[in-house]
Amino acid sequence: MTVAFLGTGIMGAPMAANLAKAGLDVRVWNRTREKAEPLAEVATVAGSAASAAEGADILVTMLADGSAVAETFEAASPASGTLWLQMSTVGLDWTDRLAEMAEKAGVVFVDAPVLGTRQPAEQAQLQVLASGPEEARPKATPVFDAVGVKTQWLGPAGQGSRLKLVMNAWVLALTNGTAESLGLARALDVDPALFLETIKGGGLDVGYAHVKGAAMLSGEYPAAFPAGLAAKDARLVVEAAADDVDVAGAKAVLAHLDAVVEAGHGDEDMAALYRAVVKDS
Ligand code: NAP
């Protein structure tokens, strides 16, 4: 089975490598070609999205946002009957628009965003939130199995993106809550490390607080999930909630993330929102 994999960034590169490791015939394309070159040993590096997609059975998109996915899908122009696994996080409106584009092109659309970050992507430990037509499952399964540890099939296309927003609201809250507790500790002359030590092993503990908290305490933010993309995700949560749910927390996280992006730190990890929470950090 030939897979055209479009987008070899932080997540896409290890996912494509894991597809090749699982024995699939992989062609990769990335807008900035240098980021795809390291995959040349295990995959064919294509010069354009169209040449990657030509004759491929499956198209995977793992790109920054909805407009990047739409532009790239147009450029790839996959043949009718191709299975499209759309794994980027694009929110609800874009998922609907992409599904329409797929329908017009005669392409089978599966909405399949993922949970997990750089390390789980490298270790093929992602969780796939899949939704789309039942008949797409057998063909999609080898791809999802190669990149992830668990796939949930959630119903018609769009349900995967819905659950992804729910999960992202949680991830954003955890990161922001960690930053605020660490910041408050500092302001109150409490050793911030005591916060992490005190939650450890109890009912309030969560692994994410230790990972993001360690970055905040060190002041080093190598990107596992870039702050710029986290801001995009916070905006998607706020938009999806509309007037039905008061997502004041997500709005606060969005304000922190927008501030760090504006200050030029959008390529750092989302943990860098600590910079906006603690004034002199
Ligand atoms: P990333 O490293 O910044 O990669 C973004 C990719 O999108 C790159 O390949 C980039 O190409 C491409 N791109 C951006 N704009 C484009 C355009 N207009 N046309 C064509 N390509 C374009 O980000 P990532 O972390 O891999 O994220 C990819 C997707 O996964 C996002 O939707 C993100 O929200 C989602 N996600 C990320 C994580 C995470 O923890 N990192 C977890 C779950 C889901 P260039 O290399 O040329 O810039």
Side-chain angles (χ1 to χ4, degrees), residues 4-18 28-39 43 45-50 52-53 59-77 85-95 98 111-130 144 147-150 160-161 163-172 174-175 207-208 211-212 215 221-237 254 257 261 265-273:
F5 199 106
L6 310 181
T8 58
I10 292 174
M11 298 295 282
M15 289 167 74
N18 284 327
V28 291
W29 171 83
N30 196 64
R31 180 180 62 176
T32 308
R33 191 185 165 103
E34 298 83 74
K35 286 195 207 162
E37 293 290 0
L39 291 158
V45 180
S48 67
L59 185 78
V60 179
T61 43
M62 196 56 182
L63 299 158
D65 55 21
S67 63
V69 175
E71 267 173 49
T72 303
F73 178 79
E74 288 287 1
S77 185
L85 308 178
Q86 201 311 97
M87 304 188 81
S88 333
T89 306
V90 301
L92 307 187
D93 292 346
W94 271 111
T95 296
L98 298 174
D111 163 44
V114 297
L115 294 181
T117 186
R118 183 198 289 271
Q119 205 188 19
E122 288 168 354
Q123 296 171 348
Q125 297 283 311
L126 296 171
Q127 279 181 248
V128 181
L129 308 181
F144 295 157
V147 301
V149 69
K150 178 177 172 187
S161 281
L163 180 56
K164 174 68 183 168
L165 293 183
V166 171
M167 299 311 299
N168 273 355
W170 177 234
V171 167
L172 292 162
L174 283 177
T175 308
Y208 213 74
V211 174
K212 298 304 179 191
Y221 302 106
F225 184 26
L229 291 184
K232 176 252 317 176
D233 282 358
R235 202 163 270 111
L236 292 174
V237 168
L254 176 57
L257 287 166
V261 171
H265 301 293
D267 290 336
E268 292 183 349
D269 190 73
M270 72 185 298
L273 63 72

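Whatever order the structure lists them in is the order used to number ligands and atoms, beginning at 1. Remember, it's a predicted structure, so these values are computed and weren't measured experimentally.
Closest to atom 5 (C) of ligand 1 among all protein heavy atoms lies A64 N, 3.9 Å. From the protein, the heavy atom lying nearest to atom 42 (C) of ligand 1 is G116 O, 2.9 Å. Scanning the protein heavy atoms around atom 30 (O) of ligand 1, the nearest turns out to be M62 CE, 3.0 Å. Looking at atom 45 (P) of ligand 1, its nearest protein heavy atom turns out to be T32 OG1, 3.4 Å. Of the protein's non-hydrogen atoms, I10 N, 2.7 Å is the one closest to atom 2 (O) of ligand 1. Counting protein heavy atoms only, atom 4 (O) of ligand 1 is closest to G9 CA, 3.7 Å.
Counted within 6.0 Å of CD on Q119, heavy atoms from surrounding residues, nucleotides or ligands total 12 or fewer; the atom is thus considered open.
Remark: ligand 1 atoms within the under-4.0 Å shell around heavy atoms of K232 are 31 (C), 32 (O), 33 (C), 34 (O). Atoms of ligand 1 lying under 4.0 Å from any heavy atom of T8, numbered from 1 in the order shown and given with element: 9 (O). For ligand 1 and E71, the ligand atoms under 4.0 Å from any heavy atom of the residue are 18 (N). Atoms of ligand 1 lying under 4.0 Å from at least one heavy atom of N30, given by number and element, are 8 (C), 9 (O), 11 (O), 45 (P), 46 (O), 47 (O). Which parts of ligand 1 touch T72 is read off a 4.0 Å heavy-atom cut-off, strictly below it: atoms 19 (N), 20 (C).
Listed for the S88 side chain is a donor-acceptor partner under 3.5 Å among the backbone atoms of T61. Side-chain atoms of R118 come within 3.5 Å of backbone atoms of A223 as a donor-acceptor pair (strictly under, hydrogens ignored). Although no hydrogens or angles enter the test, the distance criterion places a donor-acceptor pair under 3.5 Å between the side chain of N18 and the main chain of A121. A donor-acceptor pair under 3.5 Å is formed between the side chain of K232 and the backbone N or O of T89. Within the 3.5 Å criterion, the main-chain N or O of F225 finds a donor-acceptor partner in the side chain of D269.
Listed here is the closest heavy atom pair of A16 and V28: CB-CG1, 3.7 Å. When every heavy atom of L63 is checked against every heavy atom of A68, the shortest pair comes out as CD1-O, 3.9 Å. Shortest non-hydrogen contact noted between T32 and N30 is O-ND2, 2.9 Å. Taking both residues in full, the closest heavy atoms of L257 and A234 are given as CD1-CB, 4.3 Å, listed atom of the first, atom of the second, then distance. Contact detail for V90 and L98: the closest heavy-atom pair is CG2-CD1, 4.1 Å.
Between S88 and ligand 1, no pair of N/O atoms sits closer than 3.5 Å. At least one N or O atom of M11 sits closer than 3.5 Å to an N or O atom of ligand 1. For ligand 1, the polar-atom distance check against T117 finds a nitrogen or oxygen pair separated by under 3.5 Å.
If you look at A224 next to ligand 1, the close heavy atoms, those under 4.0 Å, all belong to the backbone. Both the backbone and the side chain of L63 come within contact range of ligand 1, each with a heavy atom under 4.0 Å.
Looking at V171, L229, V114 and measuring to atom 23 (O) of ligand 1, the nearest heavy atom belongs to L229. When the options R31, E34, K35, K164 are ranked by their closest heavy atom to atom 46 (O) of ligand 1, first place goes to K35. The option with the heavy atom closest to atom 44 (C) of ligand 1, from among V28, T89, L126, is T89.
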**OP:** Before giving the answer on side chain to side chain contact (heavy atoms under 4.5 Å, CB included), spell out for L236 and K164 the whole-Å C-alpha distance, their side-chain angles and the decisive distance to 0.1 Å.
**Re:** CA-CA 10 Å; L236 292 174; K164 174 68 183 168; over 6 Å; no

